[in-house]
Amino acid sequence: MRTNDEVAALLAEYADLLAITGGDAFRIRSYEKAARSVAGYPQDLAQVDPAELARIPNVGRAIAAKIRDYLGTGHIRQLEALRTKVPDGVRRLTGVPGLGPKRAMVLYTERGIDSVDELAAATAAGRLEGLPGFGPKSEENLLRGIELVRKSAGRIRIDTAMDLAAELITRLSAVPGCIRCAYAGSLRRMRDTIGDVDILAVAADPAALMTAFRELPLAAEVIASGEAKTSIRTTDGIQADLRVVPEGSWGAALLYFTGSQAHNVRLREMAIHRGLKLSEYGLFDAGTGTGTGAPLAAATEEDVYQALGLPWIPPPLREDSGEIEAAQRGELPVLVTEADLRGDLHTHTNLTDGVASLTDMLEAAAARGYAYYAVTDHAPNLFMQRMTDEKMLSQRAEVRRLDGQFGGMRLLHGTELNIGPDGEVDWPAEFLDGFDLCVASVHSHFTQPREEMTRRMLRAVENPHVAILGHPTTRKIGRRPPVDADLDAVYKACARTGTAIEIDAYPDRLDLSAEHVRLARRHGVRFSIDSDAHAVGHLAAMRYGIGTAQRGWLSPDEVINTWPLDRLTAFLDAGRTRAS
DNA sequence: GCCGTTTTCGGCCCGACTGTTTTCAGTCG
């Protein structure tokens, strides 16, 4: 984990514990704001002059001192003290949707409940009856919330897994005798959540690599360790497996450990039909047995696929959901890649809830080589952001002034509108005319009945000013289910009105999901892959949006922000006239 | 606890929904 993320996590924990113990609301807010600022701060905190810490926005004397304590000693005294008062399980209770700090504390003090499991048991046993604030309806909601939390239990966000994998590979690659090292598993397939991190390696001295893995500073526990495989649990509670394989079977092993299991099963069946046998050691004649005799193919994935009569299949497609048939017909899609992207069409600044200034965001975007970039801060109906016409127009003037000044990048001025309960959006049409593009998203009233939600989304899509439907299902992975709507009808309407559907790349959204991307593209819909960045570092989340798009079988031509600017603007203009 | 300035302390993201509370607290975005 980056130092900044470690510090941010501790500050956020401190805020949570203050909230649970009934601290001052503004003080709590200060720690939350500081946590977000630190997480979004571009410089590595470990490299920042200690005296300069307080110059980070929302970090003052007290919080700077705590950060210095952490950087110096690895601890924050005041946090340790609070931890002794509130079990970590009580904090985790607040992760249950609908359960906040106040009622979590009531559960703990009145009923001794300090884990989600205990809450489930207590609810089932009727032990919450008579507890103030816990009526029959809220019990029902809690049970639903517990279900959601449990479904995501044990799985982590893809960026968390990717960061861990990167660190493991860096460290293992530095071990003498490490010849190859790569991640496999669902991470390589770019699933939206990851169970455990699989690392594959080739080493001149496998035992030495295993030892190095077991002795990593981030290895909190060794679950199992042998000659070919070692499993650890990290200090963050994530399981990571290291498998060392012979160099000659690298491709077969990478294929095997990348999965999916369903994809592997299909490949093995194909092998059997050809009188062959496929294992993680290679593709063999069925008679010769595993690992004995020279494999027919094993060194690279391409070799193995080719020996089975297939082209190489990109990992995001390996789910046995039609990719093998497509490969046999020679009809695998040419998948969109990060290099195809020419711009980002949904981003924020500190004018609303971002933590970076306009120029900082532009500088970082230009460094990514974008040809164009849209600034789309929140609109006034998201009341907490306090947007006004004046602020928006002033930002527009600034965006116009800066156009072309960051690596020649063309700037678009947009906004992220709120889709109200009835499908209305912010601002009258005359004001919306002034924007280069409008993203529109649902930010409230998530639990409307299906009919109502569908009408609401259709109305937004049919609004001629709406160019992109932002994070369409509004799911938050592990925290909020997707909205209930007739999405098929929404996709049809998007195709008809020339409204692009967003793949929000932010790792806790990844919305649309890959499954829905595949459903939507059948209607000929266009997509926009956007970072929804609220900080400089978030711009790089694009890779996860690309992963989701690839899992959804998307080609560059289906993604509007791979297009040259003139084609993009033509699409935006056409949408304004075709809709409604 | 931070910020900005009024340079020493007042204002801070504001409004709505939900369920249970008989007048509003907790939670969320």
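Below, each value reflects all heavy atoms present in this structure, side chains not excepted, and no hydrogens, waters or symmetry copies. In what follows, chains carry the letters A, B, and so on, assigned in the order in which the sequence lines appear, proteins first and then strands, with residues in each chain numbered from 1.
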Using whole Å, what does the distance between atom C1' of nucleotide dG26(B) and atom CG of N141(A) come to?
13 Å
Is the H413(A)-F435(A) ring centre distance short of 6.0 angstrom?
yes
Can you tell me, in whole Å, how much space there is between the C1' of dG11(B) and that of dA16(B)?
23 Å
Ionic contact status for D16(A) with R91(A), cut-off 4.0 Å:
yes
Could you tell me how far apart R36(A) (CZ) and dC12(B) (P) are, to the nearest whole angstrom?
18 Å
Does S444(A) reach a base, just sugar-phosphate, or nothing at all? Heavy atoms under 4.0 Å.
nothing
Counting heavy atoms from C-beta on, name the nucleotide in dG29(B), dT20(B), dG1(B) closest to the side chain of R29(A).
dG29(B)
Any idea which of dC17(B), dG26(B), dG1(B) is nearest the H445(A) side chain?
dC17(B)
Between dC12(B) atom P and Q385(A) atom CD, what is the distance in whole Å?
15 Å
Integer-rounded Å distance: dT20(B) P and E129(A) CD:
12 Å
pi-stack flag for F26(A) and dC2(B), centroid dist under 5.5 Å, interplanar under 30°
no
Atom CG of L107(A) and atom P of dG26(B) are separated, to the nearest Å, by 13 Å
Under 3.5 Å between N/O atoms: give me all the protein pairs with nucleotides 3-5 of chain B, atom names plus distance.
| from | atom 1 | to | atom 2 | distance (Å) |
| --- | --- | --- | --- | --- |
| dC3(B) | OP1 | N58(A) | N | 2.7 |

When you measure from every atom of DNA chain B, which of residues 76-98 of chain A have a heavy atom less than 4.0 Å away?
P97(A), G98(A)
Return the value, rounded to whole Å, for the distance between atom OH of Y14(A) and atom P of dG1(B).
6 Å
Quickly work out the F446(A) CZ to dA16(B) C1' distance and round it to whole Å.
12 Å
Any chance you could measure M361(A), atom CE, to H538(A), atom NE2, to the nearest 0.5 Å?
8.5 Å
Decide side chain to side chain contact (heavy atoms under 4.5 Å, CB included) for D532(A) and H471(A); before the verdict, give the C-alpha distance in whole Å, the side-chain angles of both, and the deciding distance to 0.1 Å.
CA-CA 9 Å; D532(A) 197 0; H471(A) 46 74; 3.9 Å; yes
Y31(A) has an atom OH; how far is it from atom C1' of dC12(B), in whole Å?
16 Å
Tell me whether the NZ or CZ atom of R480(A) lies within the 45° cone about the ring axis of F446(A) and under 6.0 Å from its centre.
yes
Between R480(A) and dG29(B), is there a side-chain N or O to OP1/OP2 distance below 4.0 Å?
yes
Work out how far the P atom of dC9(B) is from that of dT23(B), and round it to whole angstrom.
38 Å
Got H523(A) and C494(A) here, is their nearest side-chain heavy-atom distance under 4.5 Å?
no
For residues 116-136 of chain A, which residue pairs qualify under side chain to side chain donor-acceptor pair (under 3.5 Å), counting only residues two or more places apart or in two chains?
D117(A)-R150(A)
Let's test this: given Watson-Crick or G-U wobble pairing with both distances under 3.5 Å, identify the partner of dC24(B).
dG19(B)
Inter-residue atom distance Y506(A).OH - R157(A).CZ, 0.5 Å rounding:
5.5 Å
Between L53(A), V355(A), V59(A), which is the residue that forms a side-chain contact (heavy atoms from CB on, under 4.5 Å) with V38(A)?
V59(A)
Distance below 4.0 Å between S138(A) side-chain N/O and dT18(B) OP1 or OP2
no
Apply ring-ring contact (aromatic ring centres under 6.0 Å, His included) to the pair H378(A) and H443(A), showing each step before the final yes or no.
CA-CA 11 Å; H378(A) 287 289; H443(A) 292 114; 5.4 Å; yes
What contact category does P136(A) fall into here, base, sugar-phosphate, or nothing, at under 4.0 angstrom with non-hydrogen atoms?
sugar-phosphate
For the residue pair R103(A) and F134(A), would you count it as a cation-pi contact if the rule is NZ or CZ under 6.0 angstrom from the ring centre and within 45 degrees of the ring axis?
yes
D353(A) near the nucleic acid: base, sugar-phosphate alone, or nothing, with a heavy-atom cut-off under 4.0 Å?
nothing
I28(A) near the nucleic acid: base, sugar-phosphate alone, or nothing, with a heavy-atom cut-off under 4.0 Å?
nothing
Tell me which of G100(A) and F134(A) sits closer to the 5' end of DNA chain B, going by the nucleotide each one is nearest to.
F134(A)
Rounded to whole angstrom, note down the C1' distance from dT8(B) over to dG15(B).
32 Å
Would you measure the distance from the P atom in dC17(B) across to the matching atom in dC12(B) and give it in whole Å?
23 Å
Options dG15(B), dG29(B), dC13(B), nucleotide nearest the side-chain atoms of H443(A)
dG29(B)
Same-atom distance (P) from dT20(B) to dT6(B), integer angstrom:
48 Å
